Amino acid sequence: MALQYTSDEMMTIAAARKIRNGAPLFVGIGLPSAAANLARQTHAPDTILIYESGTIGAKPTVLPLSIGDGELSETADAVVSIPEMFSYWLQGGRIALGFLGAAQIDKYANINSTVIGGTYQRPKVRLPGAGGAQEIAASCGEVLITLRHNKRAFVETLDFLTSGGYFEGGDSRAKLNLPGKGPTAVITDLGILTPDPVTKELTLTSVHPGVTVEQVVAETGWPLKVAPHVDTTPEPTEKELAVLRDLNERTARAHAGQQ
Amino acid sequence: MALQYTSDEMMTIAAARKIRNGAPLFVGIGLPSAAANLARQTHAPDTILIYESGTIGAKPTVLPLSIGDGELSETADAVVSIPEMFSYWLQGGRIALGFLGAAQIDKYANINSTVIGGTYQRPKVRLPGAGGAQEIAASCGEVLITLRHNKRAFVETLDFLTSGGYFEGGDSRAKLNLPGKGPTAVITDLGILTPDPVTKELTLTSVHPGVTVEQVVAETGWPLKVAPHVDTTPEPTEKELAVLRDLNERTARAHAGQQ
Amino acid sequence: MAHITQLSDAIRDAVRDGDIVALEGFTHLIPYAAGHEIVRQAKRDLTVIRMTPDVIYDMLIGSGCVKKIVFSWGGNPGVGSLHRLRDAVEKDWPLPIEVEEHAHAGMAAMYAAGAANLPFGLLRGYIGTDLTKHNGRIKFIDCPFTGEKLAAVPAHRPDVTVIHAQKADRKGNVLMWGVVGVQKEAVLAAKRSIVTVEEIVDDLQAPPNAVVLPYWVVGHVCEVKGGAFPSYAQGYYARNNAFYKKWDDISKDRESFTSWMDKHIKGTKDFAEFKLSLAGQTLGGK
Amino acid sequence: MAHITQLSDAIRDAVRDGDIVALEGFTHLIPYAAGHEIVRQAKRDLTVIRMTPDVIYDMLIGSGCVKKIVFSWGGNPGVGSLHRLRDAVEKDWPLPIEVEEHAHAGMAAMYAAGAANLPFGLLRGYIGTDLTKHNGRIKFIDCPFTGEKLAAVPAHRPDVTVIHAQKADRKGNVLMWGVVGVQKEAVLAAKRSIVTVEEIVDDLQAPPNAVVLPYWVVGHVCEVKGGAFPSYAQGYYARNNAFYKKWDDISKDRESFTSWMDKHIKGTKDFAEFKLSLAGQTLGGK
C-alpha cells in the first residue's frame with residue numbers, strides 16, 4: 001500500500017535521515033528544526049540540539065516558532081550567552097552538523113540570504129541577512145542545505161554571497177582555511193545533490209520517488225551535473241510520516257493556544 | 001587618654017580612610033581586605049568589594065584567607081568567571097580603586113612581586129609573581145599601595161618591574177595610554193607618600209603619630225623627597241580600632257574552627 | 001548607579017536625538033515597552049544596533065526615528081520579512097536608512113569588545129563572503145603567532161542600551177534568566193542604560209552564578225509588567241505568536257501601519273494603556 | 001564523550017608523559033585527588049599550566065613530574081611561598097624547571113582563546129612591564145581601527161585538563177557553582193579532560209544559566225568525595241586552612257617533603273586511603 005505524502009514531507013524526512021545519532025547539531029527554525037526533532041524521535045534519539053539562542057541539548061516536545069522559545073531553554077542541558085555560543089561552541093569547533101536554508105544557491109553550494117535583485121544598497125528584495133549562517137557554514141563539521149528546488153533559487157550567479165560553500169569550487173574553500181569541511185548535501189523537495197569530491201560542483205545523486213532527473217535539471221538554473229547512477233530516495237516509512245505529522249500537529253495545537 | 005595601637009593597625013586604618021563610600025574596590029588578601037572591610041563597617045558602608053576570584057559585591061563577616069573563600073561567593077551580588085572578571089570588569093574600567101602590596105617599590109611607585117636578587121632565570125628569591133597586579137595597576141581608576149617601610153623594600157632600582165606605577169616619572173605613564181591614572185598614595189607603617197603632580201616622584205606627605213621624617217628618610221633606599229609641610233596622620237579613633245580588632249578576632253575564631 | 005524611575009522619564013532622560021541606541025533581546029525579553037516610548041517621544045536620527053532587529057525595530061523605523069541600522073539578522077522571527085525595514089531600505093520610506101550589516105558572531109564580538117573596553121573584537125569570520133565588500137568596518141589582521149588571517153570588528157559602544165529583565169531589587173540589582181542573549185555585554189558596553197523589569201522585589205533570590213547586573217553598572221530601572229510583550233519573559237508569560245503573525249498584516253502597507261501606530265502607540269499614554277487598547281478588540285483593530 | 005570511571009584509570013588513560021596538563025581551580029574546587037594520582041603514577045616531563053599553582057603543583061614539582069610551568073601567580077594562598085616551586089627555580093631540585101610566566105588577565109585570555117578556537121587572545125596588558133622581556137610568547141599588535149597597541153598571547157591548548165566539580169549526572173553532565181574560575185574554558189580548550197566530582201546523581205537539578213559542561217565535551221568523570229581537600233567545595237565542605245599552613249612546614253625542606261609524600265601519597269593507594277592516613281594523626285605526621 002503506497003503511502004501518501006507531500007514533497008515537503010519527503011524533504012524533511014530525507015534531511016532527518018542524514019542526522020547521525022549522538023551528533024551535536026546546530027538547528028535553525030523551520031525545516032531544520034523539524035528534521036532534527038524527527039531524527040531525535042526516530043533513529044537518532046541522542047542527537048544534541050543546539051539553537052543559536054544559547055540553548056544546548058534542548059529537548060522540545062513541539063517545534064519552536066522562534067529560535068529562543070521558552071521550551072528550548074527550559075529543557076536544555078545548558079543555556080549560555082550569545083557571545084559564548086558563537087565563540088566557545090560554534091567557533092570552538094564543537095558542532096558536528098549545521099543546517100542552512102537559503103533564498104539562492106549556486107553550483108558550488110554558496111548561498112544568498114541577504115538581497116535579491118537591484119544593488120546591495122538598493123535591492124529589489126531585502127532579505128533578513130546572514131544571522132548565524134556564515135559561521136555555521138564556516139565552522140560546523142559539515143553542513144546540510146535544504147530548500148525548495150526551482151530556477152529562482154538554483155541560480156547560475158548569486159546576487160550576494162552570504163555564506164560560503166565551496167566558493168569557486170576545487171580547492172578554493174580549502175585555501176581559505178575554514179575549519180569545517182562545508183556542505184555535504186543539498187536536500188530539496190525534488191532530490192539530493194552532493195558535491196563532486198574534486199571539483200565540488202553539486203551533482204544530482206538521488207531523486208525523490210516520482211521525480212525524474214529531467215524535472216530536476218529543468219528546475220535548476222545552471223546545467224546540472226548528474227551522477228552516472230542516480231538513486232531513488234527511499235520512500236518515507238510509516239513511522240517517519242507518523243512521527244513527523246504528530247510533531248506538526250502537536251506544534252500547531254500548542255502554538256494556537258498562545259494568543 | 002592616648003590609645004595603644006600597633007604600626008600595622010595604623011597602616012590598615014590609614015588605608016581604610018582612603019576608601020570613598022560607594023566605590024567599587026578591587027581587593028586582595030591581607031591588609032587590603034582588612035582595610036576594605038574596616039571601611040565598610042565604618043565610614044563607607046556601601047563600598048563594593050570585588051575579589052579577583054569573580055565575586056562582585058561580597059559582604060564577608062570575617063576576613064577571607066584566600067581570595068575565593070566560600071563566604072565571598074555566598075554573600076556576593078554576582079559571581080562571574082575569571083575571564084569575565086578580567087575582561088568585562090577590570091579591563092572594562094569599572095573598578096574605581098585597586099589595592100596592591102609589593103616586595104619592592106621604587107620612587108615612581110613601580111613595584112616588584114616577581115623575583116629578588118640573582119637573575120630572572122636564577123633568582124635568589126622567587127616570589128609568587130604578578131597575579132592580577134599588572135591589570136589592577138593599569139586599569140583601576142586609581143591604585144593604593146601598602147607595604148612596610150624599610151630599605152629592603154624601598155629601593156633605588158627594582159630587581160624586576162612587575163606592575164607599573166609611573167615608570168620613569170613625568171609623562172611616561174601617560175605615554176603608555178594605560179586606562180587608570182596610577183598610584184595615588186603609598187601607605188606604609190611609617191607614613192604616607194603621594195606622587196608629585198608633575199614629576200610623579202613619591203613624596204612624603206604624612207607621617208604616622210610618633211614617627212619622624214628622619215626615620216622615614218632613613219628607611220627609604222633612595223633620597224626621599226619630603227613635602228615642605230609634612231602632616232601627621234590622625235590617630236586611629238576608638239571606633240576604628242574597635243572595629244578592626246573585632247574583625248581580626250572574629251576572623252581568627254572563624255578560621256581556627258576550620259581544621 | 002541605578003535609579004528607579006518611570007519609563008517615560010527614563011527615555012526622556014537617557015535617549016537623545018542622534019544617539020546610538022541598542023535595544024537588545026534575543027527572541028526573549030525584548031524591550032517592547034521601552035521601544036514604544038521612544039516612538040511616543042518621537043526621538044529622531046537614532047543609530048539603532050541589534051543582532052536581531054524585529055517588530056520593535058520595524059515600529060521605530062516606520063515611525064521615522066531611525067537614521068542608521070547596525071544588525072546581523074532583520075526579520076519577523078517565525079513569520080518572515082520586516083516590511084517597514086524593507087520599505088526603508090528598498091524605497092526610502094519614511095526616510096532613507098543607512099545599513100551597516102554584520103553576521104551574528106561579529107555582532108556578538110563587537111558587544112563583547114565594548115564590554116571589555118577593547119577597541120575591537122577578534123573572530124574567525126566573514127572570510128570569503130560579500131559582506132566585507134559592503135561593510136568597511138570589517139577588517140582582517142594576521143595572527144602574530146601563526147600568521148592566520150582573522151576578522152577584526154570595532155567595539156560597539158552605544159550611547160544607551162535598553163533591555164528588559166525579569167527582576168530588580170530596590171537597590172537596582174537586575175536578574176535575568178533563560179535565554180540571556182547579549183544583554184549583559186550590551187549594557188556593559190554602553191555609556192547609559194535603561195532596564196525595564198517585570199517586577200521590583202525586596203530580594204532577588206538569585207541562584208548561584210546567575211546573570212546579575214549589579215546596581216552600580218545600570219542606569220534607569222523601571223518596573224513595566226508585561227513590558228516584553230509580544231516576546232516572552234520566562235517565568236512570567238509566553239511568547240504571543242499570534243501578534244507576530246498579525247504584525248505581518250499590520251505592517252504590510254504604510255497606511256495600515258500608520259493608523260495602527262497612531263491608535264495603539266501614539267494614541268496611548270503608556271504601555272498599560274497600549275495593552276488595554278489591544279484588549280478590547282481583535283489584535284490590530286482591523 | 002563522557003565516561004564514568006575510576007580516577008586511577010582516568011589518569012592512566014588520559015595523562016601521558018610529556019603532556020601539557022592544566023589542573024585548574026581558582027582557590028575553590030582544586031583537583032587535589034587527581035593531582036595525587038599523577039604523583040602516584042609518576043608521570044614525567046609534564047608541562048603544567050595554571051593561573052594559581054598552589055600546593056598541588058608544589059607536590060607535582062617536588063615529585064619530579066614537571067618539566068615546565070606556565071603560570072601567573074605561584075604561592076600558598078594566605079600563607080606564603082611554594083617551597084618546592086622555589087627550590088626547583090632557585091636550585092634545580094629535583095630537576096631544573098622551565099618557567100613561562102604571565103599575568104592573570106593574560107592567562108585567562110589564553111584559556112578563552114583556546115576554548116574559542118582562536119590562535120591568540122587579545123588584551124590591554126603587559127605594557128611597560130618586565131614580563132615581556134623574559135617571555136617571548138607575549139607579543140603586541142596594533143588595533144586596525146584605532147592604532148592602539150594591544151597585547152597578544154597564544155591560546156592555551158592543553159593535552160588534558162583536570163578539574164573538580166560538585167556534581168555530575170549519570171550521563172556525565174557536570175555542574176559547578178560558586179567561584180568557577182577558568183575551569184570551563186580550560187576544559188573546552190583541551191584535547192582531553194578529567195572531571196572529579198563530589199557526587200554522581202540522577203538529576204543535576206541545575207538552576208537556570210548554571211555553569212554546566214555537557215557530557216559530550218568532557219572525557220573521564222570520576223566520583224571522588226572530598227577530592228578538592230584541602231581546598232573547598234561549596235555546598236559540601238569548607239577550606240581546610242590548617243592544612244595550607246601545615247604545608248609550609250612539610251614542604252620547607254626536601255627531606256620532610258619527601259617523607260611526607262612517601263607516606264601519605266605514594267604510600268597510599270587512593271584518595272580515600274590518603275584521607276585515612278591523615279586522620280590517625282596530626283597533619284603531616286611529624
Side-chain angles (χ1 to χ4, degrees), chain A residues 19-27 36 40 44-51 53-59 68-98 132 134-136 138-141 177-181, chain D residues 1-3 108-123 155-158 161 165 167-177 180 182-193 195 201-219 221:
Chain A
I19 295 170
R20 291 184 308 281
N21 193 25
L25 194 65
F26 215 81
V27 188
R40 203 165 62 80
D46 296 324
T47 298
I48 299 150
L49 306 192
I50 299 168
Y51 290 82
S53 60
T55 55
I56 297 171
K59 293 168 268 297
D69 273 16
E71 203 194 5
L72 300 179
S73 69
E74 281 163 3
T75 61
D77 293 325
V79 181
V80 302
S81 74
I82 291 290
E84 178 174 333
M85 173 52 64
F86 280 92
S87 61
Y88 291 177
W89 297 87
L90 183 52
Q91 182 178 272
R94 282 167 235 292
I95 319 293
L97 183 64
Q134 292 195 343
E135 286 75 34
I136 293 169
S139 291
C140 285
N177 269 319
L178 301 178
K181 71 178 172 186
Chain D
M1 193 66 65
H3 43 124
M110 292 164 88
Y111 278 121
N117 188 28
L118 286 172
F120 74 98
L122 185 70
L123 70 154
H156 280 320
R157 299 308 298 250
T161 285
K167 289 186 195 178
D169 66 18
R170 297 188 197 288
K171 273 186 113 165
N173 292 299
V174 172
L175 170 66
M176 67 187 95
W177 68 87
V180 294
V182 73
Q183 283 99 307
K184 179 191 262 191
E185 288 77 10
V187 168
L188 295 179
K191 297 190 187 77
R192 302 183 291 278
S193 62
V195 183
V201 297
D202 289 332
D203 181 352
L204 287 181
Q205 299 188 292
N209 306 104
V211 180
V212 171
L213 287 166
Y215 66 93
W216 50 280
V217 297
V218 300
V221 175

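Chain letters run A, B, ... following the sequence lines, proteins first, then strands; residues in each count from 1. Because the structure is predicted, anything quoted here is derived from the model rather than measured.
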Query raised in the report: Looking at Val217(D), Leu188(D), Val212(D), Asn173(D), which one has more heavy-atom pairs under 4.5 Å with chain A than the rest?
Result: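 Looking at each option in turn, the highest pair count goes to Leu188(D).
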
Query raised in the report: Top residue by heavy-atom pair count (under 4.5 Å) with chain A, among Pro208(D), Ala112(D), Gly114(D), Ala210(D)?
Result: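 Maximum pair count with chain A is reached by Ala112(D).
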
Query - Backbone of Trp216(D) reached by a side-chain donor or acceptor of Arg94(A) within 3.5 Å - result: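 Side chain of Arg94(A) to backbone of Trp216(D), a donor-acceptor pair under 3.5 Å: no, none is there.
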
Find the distance between [atom1] ([X]) and [atom2] ([Y]) and round it off to the nearest 0.5 Å.
| X | Y | atom1 | atom2 | value |
| --- | --- | --- | --- | --- |
| Tyr88(A) | Leu118(D) | OH | CG | 10.0 Å |
| Leu90(A) | Asn117(D) | CG | CG | 10.5 Å |
| Asp46(A) | Met1(D) | CG | CE | 8.5 Å |

Query - Nearest heavy atoms of Asn209(D) and Val79(A), plus distance in Å - result: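 In terms of heavy atoms, the two residues are closest at ND2-O, 3.4 Å.
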
Requested in this report: Examine whether an atom of Glu84(A) lies under 4.5 Å from a heavy atom of chain D, and if so say whether it belongs to the side chain, the backbone or both; otherwise answer neither.
Outcome: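 Contact with chain D: side chain only.
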
Query raised in the report: Which residues satisfy the salt bridge (charged side-chain N to carboxylate O under 4.0 Å, His left out) test with Glu185(D), sequence neighbours excluded?
Result: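 Partners of Glu185(D) under the salt bridge (charged side-chain N to carboxylate O under 4.0 Å, His left out) test: none.
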
